[in-house]
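All remarks here apply to the structure that follows.
Numbers restart at 1 for each chain; the letters A, B, ... are given by sequence-line order, proteins then strands.
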2 protein chains.
Amino acid sequence: MLSKKCKYAIHALVYLAERYQQGPVHIQDIAEQQHIPKKFLEAILLELRNAKILHSKKGKGGGYYLYRKPEDVNLMEIMRLMDGAIAMLPCVSLNYYEPCEECRDEKNCGIRDVFIGVRDETLRILSESNLAEILKRQKGERRV
Amino acid sequence: MLSKKCKYAIHALVYLAERYQQGPVHIQDIAEQQHIPKKFLEAILLELRNAKILHSKKGKGGGYYLYRKPEDVNLMEIMRLMDGAIAMLPCVSLNYYEPCEECRDEKNCGIRDVFIGVRDETLRILSESNLAEILKRQKGERRV
DNA sequence: GCGTAGTCTACTAATTCTATAGACAAAATG
DNA sequence: CATTTTGTCTATAGAATTAGTAGACTACGC
């Protein structure tokens with residue numbers, strides 16, 4: 001399961017993607033519209049900013065805005081930033097690899113094989129899913 | 001990430017699958033060979049027994065043994081038992097569905113679509129991965 | 001300089017996960 | 001039928017992680 005932090009991040013980013021190139025958006029605005037605790041959201045946006053996904057502007061008329069094009073921000077990256085490993089076992093994680101304590105022979109572990117398969121399929125889908133794609137699928141919906 | 005509980009369960013089941021139809025195996029034996037805290041393992045095996053995956057025999061010469069054929073126990077079922085939902089969002093879970101608080105229009109949610117895709121691929125792989133398959137892939141390995 | 005809005009550090013609270021203790025129940029054996 | 005072996009079950013403790021809050025600080029615009 002995704003953490004709330006990660007869900008909040010995705011919702012905030014989709015919200016900002018809808019307003020791409022329309023100037024900075026207040027934290028307050030995002031927090032209210034997406035029902036995210038403001039202080040928690042601050043921390044999340046800061047992290048996304050440090051990852052060069054968002055930019056910010058201080059002072060009056062300031063706020064956050066998408067730095068990259070919506071099609072250049074995918075869920076794989078967001079999830080890794082927020083929750084860490086995407087894989088279901090540490091021993092199959094590409095970015096957060098750790099050997100399994102219990103396994104002696106990783107190369108021949110039948111369990112590991114399964115989760116390598118799951119990981120590959122998951123990463124394939126998540127890396128194809130960028131903000132532009134998500135917006136496109138938001139069919140007739142008129143989000144507030 | 002899988003919980004330790006779930007990993008322990010999988011390892012214990014693979015261990016028992018290797019000894020299918022060879023009589024009951026002590027908790028103690030499984031715990032030692034697979035490096036699982038005995039008391040924790042007890043609780044896990046009990047749950048697997050209540051789910052009709054294992055049977056047990058009390059008294060001297062007792063222990064646990066696989067009740068079903070190894071090919072009839074897959075990782076999807078084990079993971080649901082141990083960790084609950086497999087999906088990454090409650091609103092796409094088949095067995096543990098809950099609406100997303102933030103979503104107003106589930107039908108048109110672009111985020112949801114992505115995770116339905118991830119869920120389907122994950123379930124496909126996990127449901128194909130039964131204990132017999134896992135043993136088969138345990139290539140030359142000689143597990144103690 | 002004043003108000004607005006993001007930055008950063010440090011906590012606290014809540015929840016979930018991991019592990020353990022100990023009393024109890026059933027089966028096998030002599 | 002008493003003893004030993006091994007699983008059953010409830011309750012709880014400890015650890016780790018996640019979620020959320022507080023408040024002082026910095027930069028910007030007017």
Between C1' on dT4(D) and CD on Q28(B), what's the gap in Å once rounded to a whole number? 16 Å
One thing to verify: whether R68(B) and E77(B) come together as a salt bridge, which I'm taking to mean a side-chain N less than 4.0 angstrom from a carboxylate O. yes
Separation of dA26(C) P from L46(B) CG (nearest whole Å): 14 Å
On the 0 to 90° scale, with breaks at 30° and 60°, tag the F40(A)-Y8(A) ring pair as parallel, tilted or perpendicular. perpendicular
So, with a heavy-atom separation below 4.0 Å from DNA chain C, the residues of residues 48-61 of chain B are K57(B), K58(B), G59(B), K60(B)
Atom CD1 of I44(A) to atom C1' of dC8(C): distance rounded to whole Å? 16 Å
Please determine whether residues L94(A) and M76(A) belong to a single hydrophobic cluster, defined as Ile, Leu, Val, Met, Phe, Trp and Tyr linked transitively by side-chain heavy-atom distances below 4.5 Å. yes
Side chain to side chain, D72(A) and N130(A), heavy atoms closer than 4.5 Å: no
D29(A) CG to dG6(C) P: how many Å, rounded? 10 Å
Roughly, in whole Å, what's the span from NE2 in H26(B) to P in dA27(C)? 17 Å
Is the shortest side-chain N to carboxylate O distance from K5(B) to E47(B) below 4.0 Å? yes
Is it true that L2(A) and I116(B) fall in one hydrophobic cluster, defined by side-chain heavy atoms closer than 4.5 Å? yes
Working note: Y15(B) + D29(B), criterion side-chain contact (heavy atoms from CB on, under 4.5 Å); need CA distance, chi angles, decisive distance, verdict. CA-CA 10 Å; Y15(B) 189 80; D29(B) 177 8; 2.9 Å; yes
Whole-Å distance, I36(A) CD1 to dT21(D) P, equals 13 Å
Where do N or O atoms of nucleotides 18-22 of chain C meet protein N or O atoms at under 3.5 Å, pair by pair?
| from | atom 1 | to | atom 2 | distance (Å) |
| --- | --- | --- | --- | --- |
| dT18(C) | OP1 | K4(B) | N | 2.9 |
| dT18(C) | OP2 | K4(B) | N | 3.3 |
| dA19(C) | OP2 | Y8(B) | OH | 3.3 |
| dG22(C) | N7 | K39(B) | NZ | 3.4 |
| dG22(C) | O6 | K39(B) | NZ | 2.1 |

Check step by step if side-chain hydrogen bond (donor to acceptor under 3.5 Å, both in side chains) holds for S127(B) and N74(B). CA-CA 6 Å; S127(B) 62; N74(B) 66 46; 5.6 Å; no
Between atom CD in E47(A) and atom C1' in dA19(D), what is the gap in whole Å? 14 Å
Pick base, sugar-phosphate or nothing for I27(B), based on heavy-atom distances below 4.0 Å to the nucleic acid. sugar-phosphate
Are V114(A) and L135(B) linked, directly or through intermediate hydrophobic residues, by side-chain heavy-atom contacts shorter than 4.5 Å (ILVMFWY only)? yes
